[in-house]
Each structure stands twice: as structure tokens, then as C-alpha cells.
Undergrad: 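I'd like to ask you about the structure that follows.
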Amino acid sequence: MSLPRTAANELVYTHGYYEILSPGTIAAALESRGLRAPDLQAPLCCFELGMGFGVSLLAHAAAFPHMRFFGNDFNPAHVAYARGLARDAGLTNVEVFEDGFDALPERDLPPMDCIAMHGVYAWVSPALRRSIVRFIERRLKPGGVVFVSYNALPGWAPLLPLRELFHLHAERVAAQDADAATQLQGALDFIQGVAACGGYLPAHPAVAGRLDHARVAGPHYALHEYVGPDSHPLYFHQVAGELAGAGLEFAAPALLAEQVDAACLPAGLAALLATTADPVLRETLRDYGLNRSFRRDLFVRGAEPLAAGEQEARMADRAWILAVPRDEVPDGAALRLVSQWLGEAACGALLDAVGGAPVRLGDVLLRPELAGLPARTVHDALMLLASSNVVMPALPAALRDAARASVARFNAAVLERGGTDGTRHLVCATSGLATEWTPVTLQQIRNALQHDGPAATVQRAPLLGRLGVL
């Protein structure tokens, strides 16, 4: 199916930032599964396939100045934006290319420690997926890790007819010169009219939620999701089979919370998975049991298990920090679940412990309120809270200090733009991650820096100092 001309030209993506692509988050996810991760203190090479505007790529280049970062995108507007922001931020450790996936395998590049693709693998043709696998096969080091996220089956199955309606509207109803916002609104009105007639749409409650999300997310996200020229939701076993061609094996869920089975799996499903030996079948059955429509996975070429006791030692040595002010911790599902697990007093003590400077899990466990709790239970609680943006895994102190200059330059470039270009994330040197701020807050931070300087600004807003934003 073909897109109307202007819609195809405007198929740019959002200025999103995805902390799940950070080398630090990837290392935490692998180590929590007992696998050796690439050494964050080494001069790693990382590639992001289909980087969009490159916000994640550039943020992580600022947070890890001793590493090299590479990215590609077929859209020249994306590449030009990323190059401009990298220039303004003074980032010299990042390169971006206007290459399609079919051309990338031939590009002269160093061996990669990490290759990431968020929202790419299920949005391209089977031929381009083969090009991606060929690129990974040629460029990924032994022991290297691949992050891949994709629309997954069976959860996406009820949404395939919804995508078909978006396509029909784009191909047969929408004006050829309509802009993206007009196209989206027209498609939503069209689909709403179809829903009023009964049948498929009202019979599938998930569809209404998707339509609401499309309205909120905006035209560029929605058209990318539903009207792009290729969209192929995949079963886990298909992805695992294709990546096996590059010597990869499934290693771990990339989202930290998805590793906490006690929070994710009903008892019956947990029992079934415990008796399923084959890892590919086990993950596929997990998707059926949870009706998952999206997966975020880590695959490794030649995974190396951590030695006995080393996993526990690394968990105990990992530091954590509260990502929000202590009195503004949101009362979300993750916090309520952690309170049930640990008890309210212990949960409060955990938040207090990570509410100042970064603190090691081993030191957190020394608190009297947490005495006697298994280290794995407290670690799992932190993993849940991290996936809800309540806490962050912190970087080793040497990496935090080394990143401060490049983080300051990146954040200054974002503040100078004031969020008007769509980028609203400031990097935290403490964690190597970025956090989103409103344009109003960005302007307030910029004004405070200009009038009062960094020291006074941090005194008035301690969170900026604790996270290493300023």
C-alpha cells in the first residue's frame, strides 16, 4: 500500500528518549540475569539502528564520553537534526549516517559492543530485516549485546484490522496534500464512524485504548505506527530464529521490571514456564500467557555466565538513587506493590536510603528497617521502581565524574533551545540517563543559571545537583 505523498514525506518520528537503550541500563539488565555485560569503564562502541532524531544516542554519548556512538536513519531531517545538536553540544564521540539498512553492512565501521534498535525491526520489510541481521553478523563483537524492541504477537493480533483501516483511509480517502495532523484526525473520525456501526471495533476493547493513545501521542507517532509502508508484528520465536543467523541467543528482558517474575506472572503461568525447558518456547508461552503486544529483548553473541557469587557481589555493589524529590514520589502501581512486599516501613526506609547521594545496595541492606530482608527481594523492588522512573541505577563514581563536562555541554545546548524543537531531556551524569522536563521548566532552569549561576540554582533545586544535571 502506498502513502499519500505528503504523509510519506512527513513520516518523521518523535523526539523521544529511551533510557532502555543506555549502556548502563543494558549492563544492569544482563547482570541481574547472571550474565557478564560489556564493561562500562571500557571504550565501548555502540550503534543505534534507526535512531530517529538521535536524542537517545546523543544523550548517551554525553553520559559516556569515553565511548564511541554511531547511528543511522533514512530520513535526512533526522540525521541533520542529530548532527546539529551534536555540534551545539560539542560531542566529538558520535557519528550519524543517512544510510539505509541495506547499505550499512558495507560501511567501514569498528567492531561493536552494543547494537540497539528501538521500534525498527517489526517496522521494516523482511528484506531489510535480513540486512539488519547481516550488519549484526559482520559488526557485533563476540560477547556483544543487541537490544531489539518490536510489536509482538499474539497481543498485536486484534490490532491488525485497525491498521488496515488506517491504511484504507490513507490510500482511498485522505487528500493527497493533507498534512500529518489533518491525516490523523481524518483517520480517527473515519474509524469512529466505522465503530459506531458495531462489529469488530466495539468487540475489541483494546482497540479503543489504542485510538485514545494515538490521539495523545500525536500524528507523527500514530502515522508511523499504523500507516507506515511496512509493519510486521512478530512472534518471539520468529525474532529469535532470525537473530540466530548472526550467532545471537536470547539473554534477558531489557526492561528491568519484566525480570521480576513475582510481579509480572500469575501463578499458573509461572508454574507452566518453570516446567518449560526450551528457552524460545518458554518466552513464546510467556507472550501468550500475558497477551503481550510489545517486547523489549536483549540478545548476546556468546553469553558468558558470571562466576558463582559474582552476580551477588555485583548486585550488592551497584548504587541506586531516587529520581524524584523524596516528597514527590508518585503513588503508582510499582510503589504499592513494593510496599506490599517489603511492608510500608521498609519501603519508606528504602526510599529514604536512596534519596540522597547514590548508595550501594549492600549499604542499603544495613539499614535496621531492612535488616533480614533477602538481598534479591530488595534488588527486585529497586528494579520495579526503576521501570516506573522512581529510582535510577547509578554509574560508578569515576564515570560520573568523567561525564560532568560533556553532560554540562549537552544540557546547555538543550536549555538554549528551550524545548521548542521537541527535545526536552536533560542528561543526569549520576545515572547516565536523561529525564524529561516541560518547556516551562527548561526555561526556568535556563533563567536561573543565567541570573544566579549553577551553585545557587542547585541550592534552590537540589534534585538537579543530586542527579548530576548541573
Side-chain angles (χ1 to χ4, degrees), residues 3 7-8 10-22 25-26 29 46-60 69-75 77-79 81-82 96-101 104 114-129 131-133 135-136 145-153 155-156 159-160 162-163 166 180 184 210 213-214 216-236 238-239 242-243 253-255 258 287 292-299 387 422-423 425 433-434 436:
L3 286 170
E10 292 182 9
L11 203 58
V12 296
Y13 203 53
T14 60
H15 289 249
Y17 166 79
Y18 306 99
E19 66 181 48
I20 203 167
L21 305 183
S22 165
T25 302
I26 289 171
C46 304
F47 201 110
E48 184 178 349
L49 293 161
M51 65 180 184
F53 283 104
V55 177
S56 301
L57 185 75
L58 300 183
H60 298 147
F69 290 82
F70 304 83
N72 82 296
D73 202 279
F74 77 95
N75 191 317
H78 292 167
V79 175
Y81 178 88
V96 297
F97 317 110
E98 192 186 325
D99 285 358
F101 298 128
L104 269 183
C114 181
I115 296 174
M117 42 183 162
H118 174 65
V120 169
Y121 202 69
W123 284 266
V124 298
S125 68
L128 290 182
R129 294 208 307 272
S131 293
I132 289 172
V133 173
F135 173 76
I136 294 170
V145 58
V146 169
F147 167 88
V148 55
S149 64
Y150 53 97
N151 281 344
L153 294 168
W156 231 86
L159 303 172
L160 291 173
L162 175 63
R163 185 176 188 274
F166 270 99
L184 175 61
R210 286 286 179 151
H213 182 252
V216 173
H220 296 297
Y221 171 87
L223 293 179
H224 175 275
E225 184 79 351
Y226 297 107
V227 193
D230 279 292
S231 177
H232 307 278
L234 298 165
Y235 290 100
F236 171 79
Q238 291 176 288
V239 175
E242 292 176 4
L243 295 182
L255 188 68
E258 289 181 357
D287 291 345
R292 285 210 284 196
S293 61
F294 194 71
R295 284 192 65 107
R296 289 151 289 205
D297 293 333
L298 295 176
F299 287 78
S387 294
T423 298
H425 285 80
L433 306 177
E436 186 173 9

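Residue numbers start at 1 and run along the sequence shown.
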Undergrad: Nearest 0.5 Å, what's the CZ-CG distance between F53 and L58?
TA: 12.0 Å
Undergrad: Measure the spacing between CD of E19 and OG of S387 and express it to the nearest 0.5 Å.
TA: 7.5 Å
Undergrad: Just do the side-chain contact (heavy atoms from CB on, under 4.5 Å) check on F147 and Y18 with the steps written out, would you?
TA: CA-CA 12 Å; F147 167 88; Y18 306 99; over 6 Å; no
Undergrad: Ring centres of H60 and Y17 under 6.0 Å apart?
TA: yes
Undergrad: Between A254 and L298, which heavy-atom pair has the shortest distance, and what is it?
TA: CB-CG, 3.8 Å
Undergrad: Between CG of L234 and CD of E242, what distance do you get to the nearest 0.5 Å?
TA: 6.5 Å
Undergrad: Hey, what do you get for CD (Q238) to CG (L243), rounding to the nearest 0.5 Å?
TA: 11.5 Å
Undergrad: Just so I know, are the side chains of I132 and V120 near enough to count as touching, which here means a heavy-atom distance under 4.5 Å?
TA: yes
Undergrad: Checking the side chain of D99 only, and the main-chain atoms of L104 only, is there a donor and an acceptor separated by less than 3.5 Å?
TA: no
Undergrad: Verify, without hydrogens or angle tests, whether S149 (side chain) and G119 (backbone) share a donor-acceptor contact under 3.5 angstrom.
TA: yes
Undergrad: Taking it one step at a time, do F236 and D297 satisfy side-chain contact (heavy atoms from CB on, under 4.5 Å)?
TA: CA-CA 9 Å; F236 171 79; D297 293 333; 3.6 Å; yes
Undergrad: Do L49 and F101 pass the side-chain contact (heavy atoms from CB on, under 4.5 Å) test, and can you show the C-alpha distance, the side-chain angles, and the key distance before you say yes or no?
TA: CA-CA 8 Å; L49 293 161; F101 298 128; 3.9 Å; yes
Undergrad: Please test M51 against V79 for side-chain contact (heavy atoms from CB on, under 4.5 Å), starting from the C-alpha separation and ending with a verdict.
TA: CA-CA 9 Å; M51 65 180 184; V79 175; 4.0 Å; yes
Undergrad: Is the distance from the ring center of F69 to that of F47 below 6.0 Å?
TA: no
Undergrad: Drop me the distance from L153's CG to L160's CG, to the nearest 0.5 angstrom.
TA: 6.5 Å
Undergrad: Taking the side chain from S22 and the backbone from L433, do they hold a donor-acceptor pair closer than 3.5 Å?
TA: no
Undergrad: I want to check something: taking the side chain as every heavy atom from C-beta on, are S231 and R163 in contact at a cut-off of under 4.5 Å?
TA: yes
Undergrad: Does some side-chain heavy atom of E98 sit less than 4.5 Å from a side-chain heavy atom of D73?
TA: no
Undergrad: Using a 3.5 Å distance criterion without hydrogens, assess whether the side chain of N72 forms a donor-acceptor pair with backbone atoms of G50.
TA: yes
Undergrad: Quick one: does F135's side chain get under 4.5 Å of I115's, heavy atoms only?
TA: yes
Undergrad: Does Y121 have R129 sitting over its ring (NZ/CZ under 6.0 Å from centre, angle to axis within 45°)?
TA: yes
Undergrad: Are any non-hydrogen side-chain atoms of R295 and V239 less than 4.5 angstrom apart?
TA: no
Undergrad: If you measure from the Lys or Arg side-chain nitrogens to the Asp or Glu carboxylate oxygens, is any gap between E258 and R292 under 4.0 Å?
TA: yes
